[in-house]
Peer 1: 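Sending over a structure as structure tokens; questions will come in a sec.
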Amino acid sequence: MKKCCLILLILLVGIALQAQKFAPQPKPAAPPKPYGPVPTDAQVAWQRMEMNMFCHFGPNTFTGLEWGEGTETVDVFNPTALDCNQWVAVAKNAGFQGIIITAKHHDGFCLWPNPVSTHTVRESAWRNGKGDVLKELSKACKQGGVKFGIYISPWDRNAPTYGTDAYNKVFLKTLRNAHTNYGPIFEQWFDGANGEGPNGKKQVYDWKKFNGQTKKLQPNAVIFSDVGPGCRWVGNEEGKCGRTCWSRLDVEGFGPGADAPSQDTLNAGNYNGACWIPAETDVSIRPGWFWRESEHPKSVQELLKIYYNSVGRNSLLLLNVPPDNHGLIPAEDSLRLMEFRAALDSIFAHDLAKKARFITVSDYRTNEKCPRFTFWNYVLSSFSPRQYDGYWLIDQDYSSYWATSDTATTAWVQFVFDEPQTFNRVMLQEYIPLGQRVEKFHIEVEDENGNWRTIAEETTIGYKRIVLTETVTTEKVRIVIDQSRACIVLNRVGLFMDRIFSE
Ligand code: FUL
């Protein structure tokens, strides 16, 4: 008799669940309204690239200088075996989505035949003056499916007009030429550095025109400078973004170079910044920006640390990998990058969060009358997940997310597993097309006695946050958002085990 009742009960539950599957879904709740400044589509696409490769290449590659004087003879530039396809192959295999080349560094030498300069590849003996690095690299990028970006230094130690009004016109023509002949460009990099010193030449740059023309000619290019407008300098060259990092910045009254906000501000952003200007972390794989025979690439440990401190802290990583005097990425750098890639793959290939039996949330956006009975709700959702429920934190679609009701600015999501999981990295992502919201959160795990223990307390999340925790083994993990500036909108939670990096 008992057995019969049990079978009947199971059958009834089964039918109820199936019926639920076909039952009309409640009208989906309206999506959250954007909060604060939000990124453009180009900025979202840029941020999602996560890691790009910087290539410092030019006369300095051959002289060993970091800042060329501008007086070097053009024949100094003589790569004997330039092969941009090799750069692209290395970049792709390492997982970089784009390459940015120093088309003109501070010495003024142009890697393409810039018509408004006489200090270019055209004047050099290299390939009888017919060589063009931008042409070769942009073509290789297109063929390889890697995006192409350009660094052009405003500071120019060679241009005769530098320090006069006329230079702004020369610079605009220089930009125009690069932007019309080698596009599309995903990022335009404006360096704020200037070493003229108090008695040197003073150039008042026409940033309005530089940015305006760039936007017109390359509307999808994200413009980098200390203060954006597309993305900002992270404030140091050590590969370290702030633990608190807002993608917002106030630029009123500020400018690139000497007019930039403090490096601390650039590192953390402004809590109430009026503009969406995310941080970009530029750092070199070697001690210098340009190749030197005596220098060597950083270790995998150092690269992983940089990764966690940049991509893992709401910043894009622009890692400089300088080609050598042959015009090739040296074997030791390329090998190191492959080791770095293998390490990242081994850490991030297995997302343990996806193994959760239940994902319950304290709140989600809905029009349902009684949505708070979260466990049951999850059981039902596993048949056809409710929009904005916790399930969307582990799916593949970037644009699906967990979102709370408008009034819920604190909330939790809990992952329950069938068996204990061991991890030490927690990845969180906010859905940034709707702005950056979270300002305080913590992570808890349940121990074998059923006690909850906090393993991390942090501030911002942004596009991506990877929290390094102690190694824990648990069947239950809870992410608690303690403070959000508007309702919570997260599109990813991941749990990973890193057996390689140790601090
Ligand atoms: C700095 C420059 O002075 C360095 O040479 C390098 O190009 C780095 C990326 O930016 O401001």
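All ligand and atom numbering here is 1-based and tracks the order in the structure.
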Peer 1: For H56, take its heavy atoms, then give the atoms of ligand 1 lying under 4.0 Å from any of them.
Peer 2: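 In order of numbering, the contacting atoms are 6 (C), 7 (O), 9 (C).
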Peer 1: State which residue, out of D132, N177, T120, fulfils the side chain to side chain donor-acceptor pair (under 3.5 Å) condition with W112.
Peer 2: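 For W112, the side chain to side chain donor-acceptor pair (under 3.5 Å) check succeeds only for N177.
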Peer 1: Is F290 near ligand 1, meaning one of its heavy atoms is under 4.0 Å from it?
Peer 2: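 Under 4.0 Å: no for F290.
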Peer 1: Is the distance between the ring centroids of W67 and W155 under 6.0 Å?
Peer 2: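 That pair passes the under 6.0 Å test.
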Peer 1: Considering only non-hydrogen protein atoms, determine which one is nearest to atom 10 (O) of ligand 1 and report residue, atom name and distance to 0.1 Å.
Peer 2: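 The closest one turns out to be D191 OD2, 3.0 Å.
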Peer 1: Evaluate W289 for polar contact with ligand 1, using N/O atom pairs at a separation under 3.5 Å.
Peer 2: no
Peer 1: Kindly indicate, with the supporting measurements, whether the criterion ring-ring contact (aromatic ring centres under 6.0 Å, His included) is fulfilled by Y431 and W402.
Peer 2: CA-CA 9 Å; Y431 183 65; W402 166 45; over 10 Å; no
Peer 1: Show the atoms of ligand 1 that are less than 4.0 angstrom away from any heavy atom in E237.
Peer 2: 1 (C), 8 (C), 10 (O), 11 (O)
Peer 1: Going by the atom numbers of ligand 1, which of them fall below 4.0 Å from some non-hydrogen atom of F54?
Peer 2: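 It comes down to these atoms of ligand 1: 9 (C).
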Peer 1: I need the atoms of ligand 1 closer than 4.0 Å to a non-hydrogen atom of A193, numbered in the order shown.
Peer 2: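 Result: 3 (O), 11 (O).
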Peer 1: Heavy-atom contacts with D282 under 4.0 Å: which atoms of ligand 1 show up? List them by number with element.
Peer 2: 9 (C)
Peer 1: Between F57 and W291, does the ring centre distance come in under 6.0 Å?
Peer 2: no
Peer 1: Aromatic contact between H105 and F290, with the criterion being ring centroids under 6.0 Å apart: yes or no?
Peer 2: yes
Peer 1: For the aromatic rings, using the six-membered ring if either is Trp, is the centroid distance between F423 and F496 under 6.0 Å?
Peer 2: no
